Amino acid sequence: MSVRVRFAPSPTGQVHIGNIRTAIFNYLFARHENGEFLLRVEDTDRERSTDAAVKGVLDAMAWLGLDVDEEPMYQSTRTDAHLAVAQDLLDRGLAYKADKGDTGKGEAIIFRIPEGSLRFTDVLKGELTKSAEDVPDLVIVRSNGAPVFHLANVVDDIEMGITHVIRGDDHIENTYRHVALYDAIGAPVPSFCHLPMIVNQHGKPYSKRDGSAFVGEFRDTGFLPDAFLNYLSLLGWSPGDDLEVMDRQRLIDLFSLERIRSSASQMDMKKLMWMNGEFMRALPREMFSTGFEQSLSDAGFDSEVHGDAYKASVVALMQERTKLWADIGRDSGFFFTEAFGFDPKAARKRLQKDGVTEVLVALRELLLGLQDFSDVTVETAVRGYGEANDIPVGSLVNPLRVACSGLGHGPGLFEMLSLLGQDRVCARIERACALILTGTFPEIP
RNA sequence: ACGCCCAUCGUCUAGUGGUUAGGACACCAGGUUUUCAUCCUGGUAACCGGAGUUCGAUUCUCCGUGGGCGUGCCA
């Protein structure tokens with residue numbers, strides 16, 4: 001039988017990493033097995049479900065390339081089918097009507113948990129058993145006539161022909177009850193695979209209070225979807241050898257449910273960042289270039305001011321040192337404007353020191369006199385000046401860097417200067433000297 | 001309280017009835033570089049505790065401890 005799995009989020013609020021990791025595992029499993037990956041939007045809670053949240057789910061999946069094989073099912077359209085099953089259970093004496101909990105709301109339809117023990121096999125955790133005494137009867141249709149999650153979930157999984165239910169292990173308790181429902185309905189019980197949770201920095205489950213856990217934020221910060229997909233795949237799963245950086249196809253080829261761990265894991269932003277850098281460097285130049293331009297224009301810079309060849313040179317210089325799209329405005333903006341801001345720390349350390357202005361003035365004089373402005377020429381000149389005047393090269397290079405870029409770090413100085421060109425370099429040194437005089441530097445936005 | 005699930009470096013993880021318990025991120029030191037990043041070298045760092053089984057337990061069993069989940073007419 002062909003594998004059919006589904007991601008079944010309830011569209012209330014933003015998609016966080018725990019949700020999407022469940023989607024990813026379903027997706028990888030389906031693709032690995034040449035099966036189908038489906039989406040079911042569990043929007044039966046009309047109070048809390050929103051269109052914006054549905055869009056959030058769709059956007060997150062699209063961003064990560066988690067393409068589904070059939071049109072999404074919206075659970076809210078399935079009420080009649082759910083109620084029909086409830087009626088059937090009622091007719092066959094497997095459910096009854098009562099005001100459970102004496103709420104005074106009227107009679108609900110309640111599924112009777114059969115005697116004995118409830119058991120199912122979990123792909124990760126093995127044989128799971130629970131005594132029926134510990135499982136109270138289950139409301140499946142509210143007194144207002146609305147089907148409850150448990151009923152809808154099971155009925156729809158049956159309808160969709162789901163063969164493997166892969167979801168968070170916070171559903172384990174529900175599963176004991178669900179298998180009883182499958183039996184009552186007379187449908188085959190699917191395989192279950194309950195994934196460990198992802199916890200926050202404090203080792204606690206994610207709540208709406210935890211920032212930085214929403215998929216949309218990672219996208220907006222400039223993470224690459226493939227890097228994010230790779231990283232999240234490794235939260236709870238590993239291929240077994242020491243392989244970590246994998247493209248989508250590799251993940252699909254190697255994925256298996258059996259290799260999923262059964263304990264919770266914690267997100268490590270530093271490692272995600274590192275992995276994103278790996279993917280950035282590996283990006284084809286044209287793709288990086290496109291993202292670079294976009295990021296630059298998002299940050300308010302005009303990447304076209306100095307032409308395509310210039311832009312291409314900057315891109316070549318910056319790709320290997322870029323970790324996030326969001327950093328590009330800060331790290332590369334100075335290539336595209338003469339009114340760039342300064343990193344206050346770098347300015348203080350490298351510019352606002354005695355004697356720096358004199359050095360800069362002298363260097364400007366030196367550079368102004370060069371016939372040729374290639375990186376080699378500039379380097380030879382600057383080093384020569386240092387030797388002739390007995391000044392350590394660091395005392396020349398560092399002020400020069402900050403004066404011309406506003407930053408304490410960046411690409412190779414001489415390549416950078418050569419690319420900026422003689423006129424702009426000299427003008428920038430002048431500007432820096434003037435700013436040193438005033439003692440205040442415009443900050444990087 | 002009861003029931004269920006879980007437990008290897010700071011983090012993500014590999015692994016085994018006998019291993020110097022492996023890798024990655026992070027961190028530290030060194031090399032490379034003018035700087036940052038990259039790159040190379042090296043280093044610090046883990047089997048939750050106690051019993052039991054065994055010639056031998058990180059590994060198997062039990063009991064604790066800790067964490068999570070559940071005990072909704074939420075999903």
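Chain identifiers are assigned alphabetically (A, B, ...) following the order of the sequence lines, protein sequences preceding nucleic acid strands; residue numbering begins at 1 within each chain. Hydrogens, waters and symmetry mates play no part in the numbers below; they use all other heavy atoms, side chains included. Bear in mind the structure is a predicted one, so any value in this text is a computation, not a measurement.
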Next on the checklist: Between A:Glu107 and A:Lys100, is the salt bridge (charged side-chain N to carboxylate O under 4.0 Å, His left out) condition met? List the steps.
Outcome noted: CA-CA 8 Å; A:Glu107 292 195 318; A:Lys100 189 166 183 283; over 6 Å; no

Checklist entry - Between atom CG in A:Asn276 and atom C1' in B:A37, what is the gap in whole Å? => result 14 Å

Next on the checklist: Tell me if a side-chain donor or acceptor on A:His164 pairs with a main-chain N or O of A:Ile166 at a distance below 3.5 Å.
Outcome noted: no

Checklist entry - Pairs in or reaching into residues 113-125 of chain A: which pass salt bridge (Lys or Arg N to Asp or Glu O under 4.0 Å), with residues at least two apart or in two chains? => result A:Lys125-A:Asp169

Checklist entry - Over how many whole Å does the gap from A:Met267 atom CE to B:A24 atom C1' extend? => result 16 Å

Next on the checklist: On the nucleotide B:U13, are OP1 or OP2 found under 4.0 Å from the side-chain N or O atoms that A:Ser265 carries?
Outcome noted: yes

Next on the checklist: Give me the distance, rounded to whole Å, that separates B:G15 from B:C9 when you measure between the C1' atoms they each carry.
Outcome noted: 14 Å

Next on the checklist: Please determine whether the number of non-hydrogen atoms from other residues, nucleotides or ligands lying under 6.0 Å from atom CZ of A:Arg112 exceeds 12.
Outcome noted: yes

Checklist outcome for this item: Among B:A75, B:C25, B:G23, the one nearest any side-chain atom of A:Glu42 is B:A75

Item to check | Pair partner, B:A29 [Watson-Crick or wobble, under 3.5 Å] | outcome: B:U41

Next on the checklist: Around atom CG of A:Asp51, are there more than 12 heavy atoms from other residues, nucleotides or ligands closer than 6.0 Å?
Outcome noted: no

Next on the checklist: As a test of reading the structure: which of B:C36, B:A7, B:C74 is closest to the side chain of A:Arg48, going by heavy atoms?
Outcome noted: B:C74

Next on the checklist: Looking at A:Lys271 and A:Glu244, is any side-chain nitrogen of the basic one under 4.0 Å from a carboxylate oxygen of the acidic one?
Outcome noted: yes

Checklist entry - In whole Å, what separates the C1' atom of B:G68 from that of B:G52? => result 28 Å

Next on the checklist: Say we look at B:G42 and B:C48: how far apart would their P atoms be, to the nearest angstrom?
Outcome noted: 29 Å

Checklist entry - Across all strands shown, which nucleotide pairs with B:A7 by Watson-Crick or G-U wobble geometry, both distances under 3.5 Å? => result B:U65

Item to check | Inter- and intrachain pairs under salt bridge (Lys or Arg N to Asp or Glu O under 4.0 Å), touching residues 5-29 of chain A, at least two apart | outcome: A:Arg6-A:Asp157

Next on the checklist: Could you tell me how far B:U19 sits from B:U8 if I compare only their C1' atoms? Round to whole Å.
Outcome noted: 14 Å

Checklist entry - Is any side-chain N or O of A:Ser131 closer than 4.0 Å to OP1 or OP2 of B:G3? => result no

Checklist outcome for this item: Scanning both residues in full, the closest heavy-atom pair of A:Phe7 with A:Val57 reads CE2-CG1, 4.2 Å

Checklist entry - Tell me the salt bridge (Lys or Arg N to Asp or Glu O under 4.0 Å) pairs involving residues 378-388 of chain A, sequence neighbours left out? => result A:Glu379-A:Arg383

Please list, pair by pair, any protein nitrogen or oxygen found under 3.5 Å from a nitrogen or oxygen in nucleotides 46-50 of chain B.
none

Checklist outcome for this item: Within residues 76-86 of chain A, the residues having a heavy atom closer than 4.0 Å to RNA chain B are none

Item to check | Residue pairs fulfilling ring pair (Phe, Tyr, Trp, His ring centres under 6.0 Å) with at least one residue in residues 381-404 of chain A, sequence neighbours excluded | outcome: none

Next on the checklist: Counting only side-chain nitrogens and oxygens, does A:Arg261 get under 4.0 Å of the OP1 or OP2 atom of B:U13?
Outcome noted: yes

Checklist entry - For RNA chain B, which residues in residues 356-367 of chain A have a heavy atom at a distance below 4.0 Å? => result none

Checklist entry - Tell me: CD1 of A:Ile198 to P of B:U11, nearest whole Å? => result 16 Å

Checklist entry - Donor-acceptor pair, A:Asn276 side chain versus A:Leu224 backbone, under 3.5 Å? => result yes

Checklist entry - Within the side chain of A:Asn230, is there an N or O that forms a donor-acceptor pair under 3.5 Å with the backbone of A:Met246? => result yes

Checklist entry - What does B:C47 pair with, Watson-Crick or G-U, if both distances are under 3.5 Å? => result none

Checklist entry - Going by atom types only, do A:Asp170 and A:His194 share a side-chain donor-acceptor pair under 3.5 Å? => result no

Checklist entry - Given that both distances must come in under 3.5 Å, which nucleotide forms a Watson-Crick or G-U wobble pair with B:A75? => result none

Hey, what are the protein-to-nucleotides 67-73 of chain B N/O distances that come in under 3.5 Å?
from  : atom 1 : to       : atom 2 : distance (Å)
B:G68 : OP1    : A:Lys204 : NZ     : 2.9
B:C69 : O2'    : A:Asp170 : O      : 3.4
B:C73 : OP2    : A:Lys100 : NZ     : 3.1
B:C73 : O3'    : A:Arg142 : NE     : 3.4
B:C73 : O2'    : A:Lys105 : NZ     : 3.0
B:C73 : O2     : A:Ser143 : N      : 3.0
B:C73 : O2     : A:Ser143 : OG     : 3.1
B:C73 : N3     : A:Ser143 : OG     : 3.0
B:C73 : N4     : A:Asp99  : OD1    : 2.7
B:C73 : N4     : A:Thr103 : OG1    : 3.2
B:C73 : N4     : A:Gly106 : O      : 2.8

Checklist outcome for this item: For B:A14, the nucleotide meeting Watson-Crick or G-U wobble distances (both under 3.5 Å) is none

Item to check | Polar side-chain atom of A:Arg4 near backbone of A:Met160 as donor-acceptor pair, under 3.5 Å | outcome: yes

Checklist entry - Short question: side chain of A:Arg259, backbone of A:Ser238 - any donor-acceptor pair under 3.5 Å? => result yes

Checklist entry - Considering only side-chain heavy atoms of A:Lys125, which listed nucleotide, B:U34, B:C36, B:C5, is closest? => result B:C5

Item to check | P gap between B:C36 and B:A26, integer Å | outcome: 15 Å

Indicate every side-chain donor-acceptor pair of residues 354-370 of chain A with a distance under 3.5 Å to a residue at least two apart or in another chain.
from     : atom 1 : to       : atom 2 : distance (Å)
A:Arg364 : NE     : A:Cys426 : O      : 3.4
A:Arg364 : NH2    : A:Glu430 : OE1    : 3.3

Item to check | Within residues 372-397 of chain A: residues closer than 4.0 Å to RNA chain B (heavy atoms) | outcome: A:Arg383, A:Val397

Checklist entry - So does A:Lys271 reach the base of B:A26 with its side chain, donor to acceptor, closer than 3.5 Å? => result no

Next on the checklist: Under a 4.0 Å threshold between the charged nitrogen and the carboxylate oxygen, would A:Asp156 count as salt-bridged to A:Arg78?
Outcome noted: yes

Checklist entry - With respect to the phosphate group of B:G15, does any side-chain polar atom (N or O) of A:Arg259 fall under 4.0 Å of OP1 or OP2? => result yes

Checklist entry - If only atom types and distance count, is the side chain of A:His82 paired as donor or acceptor with the main-chain N or O of A:Pro147 below 3.5 Å? => result no

Next on the checklist: If you assign each of A:Trp274 and A:Leu413 to its closest nucleotide in RNA chain B, which residue comes earlier from the 5' end?
Outcome noted: A:Trp274

Checklist outcome for this item: Judged by nearest nucleotide, the residue sitting upstream toward the 5' end of RNA chain B, A:Asn398 or A:Phe149, is A:Asn398

Checklist entry - Does A:Cys404 offer a backbone N or O that forms a donor-acceptor pair with the side chain of A:Arg428 under 3.5 Å? => result yes

Checklist entry - Are the side chain of A:Thr377 and the backbone N or O of A:Phe373 linked by a donor-acceptor pair below 3.5 Å? => result no

Checklist entry - Which letters describe nucleotides 57-66 of chain B, given B = protein heavy atom under 4.0 Å from base, S = only from sugar-phosphate, - = neither? => result ----------

Checklist entry - Can you list every pair that meets salt bridge (Lys or Arg N to Asp or Glu O under 4.0 Å) and has a residue in residues 311-324 of chain A, with sequence neighbours left out? => result A:Glu293-A:Lys311, A:Glu304-A:Lys311, A:Asp308-A:Lys311

